[in-house]
Amino acid sequence: MIKTLIVDDERNAQIILENYLRQYCPDVEVVSVANSVKEAVMLIKQYKPELVFLDIQMNDGTGFDVLNFFPNRDFQVVFSTAYDQYAIKAFKYSAQDYILKPLDIDEVVGAVERIKAYIQILDSTSGKPSEKPEQLQIKTKEGYQLIEMDKIEYLQSDNNYTIIHLSDGHKHVMPKTLKEYEISLPRQFFRTHQSYIINVYHIDILKNATNELRTKSGQIVKISRRKKDLFLKFLESRH
């Protein structure tokens, strides 16, 4: 079980997130809820959680103030906030994820799945995170094939299957969901839409009028309005 603390000064937000975690994330144990920076610091010291869902704007300070009390923290952080303008700062604080209110069930579950995968990496390397693989292993009719991550242009959901689009025009249809791939991909990939994950190295242009991305090979990838601003801040945080 992943010991988890919720930090938010809005009671409704606390209830919604706690219900999502209890109903849809069986590997999560919500050990407590904090209403302020001061209480969050106290409860982190008391419960020693592995995961903290952290609001940004609170009555007595910010989520970043909480993290400043733990310069060598041993817990993972997912920011949950109504404000997208703090995304760059959140990534610089090494947040594992950043989800926007009103909270979406799939985004909460996806964040937890990525945290689980990251914690497993830490456990398998005695606390030292390893680099995500530079190759993706897929199963073909001939056997197993290794694909270089840099050659993957984007991934597209097709119900319970995922279509992997390569920069040379080849495609691989895999019997795994997009969510399963999302948690194992390195940080050069970003989920822009419920049906798409893009490799940022293959982006040619963002079409503001249609909320679409065009890849260098001319393919079109959708970006949802909910994700657009966060995606732009994600790109900026990489420079």
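Computed from a predicted model, the values in this text were never measured in an experiment.
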With a 4.0 Å cut-off, would you call Lys179 and Glu182 a salt bridge? no

Does the ring centre of Tyr93 sit less than 6.0 Å away from the ring centre of Phe64? yes

Over all atoms of both residues, closest heavy-atom pair of Ile152 and Asn199: O-ND2, 2.8 Å

Taking the side chain as C-beta and beyond, is there a heavy-atom pair between His193 and Arg225 under 4.5 Å? no

Could you tell me which non-hydrogen atom of Val112 sits nearest to which non-hydrogen atom of Cys25, and how far apart they are? CG2-SG, 3.8 Å

Using 4.0 Å as the upper bound for N to carboxylate O, is an ion pair formed by Arg114 and Asp97? yes

Test side chain to side chain contact (heavy atoms under 4.5 Å, CB included) applied to Met149 and Gln135, step by step: CA-CA 5 Å; Met149 292 291 187; Gln135 294 178 316; 5.8 Å; no

As a quick check of understanding, evaluate side chain to side chain contact (heavy atoms under 4.5 Å, CB included) for Thr215 and Asp204, giving each step before the final call. CA-CA 5 Å; Thr215 68; Asp204 180 38; 5.9 Å; no

Sequence neighbours excluded, which residues qualify as side chain to side chain donor-acceptor pair (under 3.5 Å) partners of Tyr154? His165

List the steps and the verdict of side chain to side chain contact (heavy atoms under 4.5 Å, CB included) for Val221 and Gln156. CA-CA 9 Å; Val221 172; Gln156 180 181 6; over 6 Å; no

Does a side-chain heavy-atom distance below 4.5 Å link Tyr201 with Lys216? no

Heavy-atom closest contact (Val52 atom, Phe75 atom, distance): CG2-CD1, 3.6 Å

What ring-ring contact (aromatic ring centres under 6.0 Å, His included) pairs are there with at least one residue in residues 6-60, not counting sequence neighbours? none

Cationic tip of Lys176 above Tyr181 ring, under 6.0 Å, 45° of axis: yes

Straight-line distance of Leu43 CG to Ser36 OG, nearest 0.5 Å: 8.5 Å

Residues sharing Val173's hydrophobic cluster, by side-chain heavy-atom contacts under 4.5 Å among ILVMFWY, directly or via others? Tyr161, Ile163

Charged N to carboxylate O under 4.0 angstrom, Asp168 versus Lys151? no

Please name the pair of heavy atoms, one in Val66 and one in Ala40, separated by the smallest distance, quoted to 0.1 Å. CG2-CB, 4.0 Å

Main-chain N/O of Asn59 paired with Asp9 side-chain donor or acceptor, under 3.5 Å: yes

For Glu180 and Thr177, indicate whether the former's side chain and the latter's backbone hold a donor-acceptor pair under 3.5 Å. yes

Going by heavy atoms in the side chains, are Leu103 and Ser80 under 4.5 Å from each other? yes

List the residues meeting side chain to side chain donor-acceptor pair (under 3.5 Å) with Tyr83, not counting sequence neighbours, and say none if there are none. none

Transitively linked via ILVMFWY side-chain contacts under 4.5 Å: Ile115 with Ile105? yes

Side-chain H-bond candidate by donor/acceptor type, Gln14 with Asn35, under 3.5 Å: yes

Are the side chains of Ile205 and Leu213 in contact, using a 4.5 Å heavy-atom criterion? no

For a side chain to side chain contact (heavy atoms under 4.5 Å, CB included) with Tyr98, tell me which candidate from Leu54, Ile56, Val78 qualifies. Ile56

Ile220: what forms a side-chain contact (heavy atoms from CB on, under 4.5 Å) with it, not counting sequence neighbours? Lys207, Glu212, Arg214

Between Ile203 and Val200, is the side chain to side chain contact (heavy atoms under 4.5 Å, CB included) condition met? List the steps. CA-CA 5 Å; Ile203 296 173; Val200 297; 4.2 Å; yes

Are Val109 and Ile15 linked, directly or through other ILVMFWY residues, by side chains that come within less than 4.5 angstrom of each other? no

Short side-chain to backbone donor-acceptor contact, Arg191 and Gln194, under 3.5 Å: yes

Supply the atom-to-atom distance Asn211 CG to Leu206 CG, rounded to the nearest 0.5 angstrom. 7.5 Å

Counting C-beta onward and ignoring hydrogens, is there a side-chain heavy-atom pair between Lys228 and Thr192 closer than 4.5 Å? no

Taking 4.0 angstrom as the limit, do Asp65 and Lys38 come out as a salt bridge? no

Glu148 vs Leu136 side-chain heavy atoms within contact, under 4.5 Å: no

Thr4 side-chain N/O to Ile2 backbone N/O, donor-acceptor pair under 3.5 Å: yes

Over all atoms of both residues, closest heavy-atom pair of Ser195 and Leu178: C-CD2, 3.5 Å

Quick one: side chain to side chain donor-acceptor pair (under 3.5 Å) partners of His172, sequence neighbours excluded? none

Polar side chain donor-acceptor pair, Glu153 to Ser217, under 3.5 angstrom: yes

Interatomic distance, CZ@Phe69 vs NZ@Lys45, rounded to 0.5 Å, equals 7.0 Å

Please evaluate residues Asp74 and Lys48 with respect to the criterion salt bridge (charged side-chain N to carboxylate O under 4.0 Å, His left out), reporting the C-alpha separation (whole Å), side-chain torsions for both, the decisive distance (0.1 Å), and the verdict. CA-CA 8 Å; Asp74 56 358; Lys48 296 179 173 52; over 6 Å; no

What's the spacing between Glu10 CD and Asp55 CG if we round to 0.5 Å? 6.5 Å

Rounded to the nearest 0.5 Å, how far apart are CD of Gln137 and CG of Leu146? 5.5 Å

Taking C-beta and beyond as the side chain, do Arg22 and Val30 meet within less than 4.5 Å on heavy atoms? yes

Phe190 six-ring centre to Lys227 NZ/CZ under 6.0 Å and within 45° of normal: yes

Is any side-chain heavy atom of Asp104 closer than 4.5 Å to one of Ile99? no

In this structure, CG of Leu21 is separated from CD1 of Ile6 (nearest 0.5 Å) by 5.0 Å

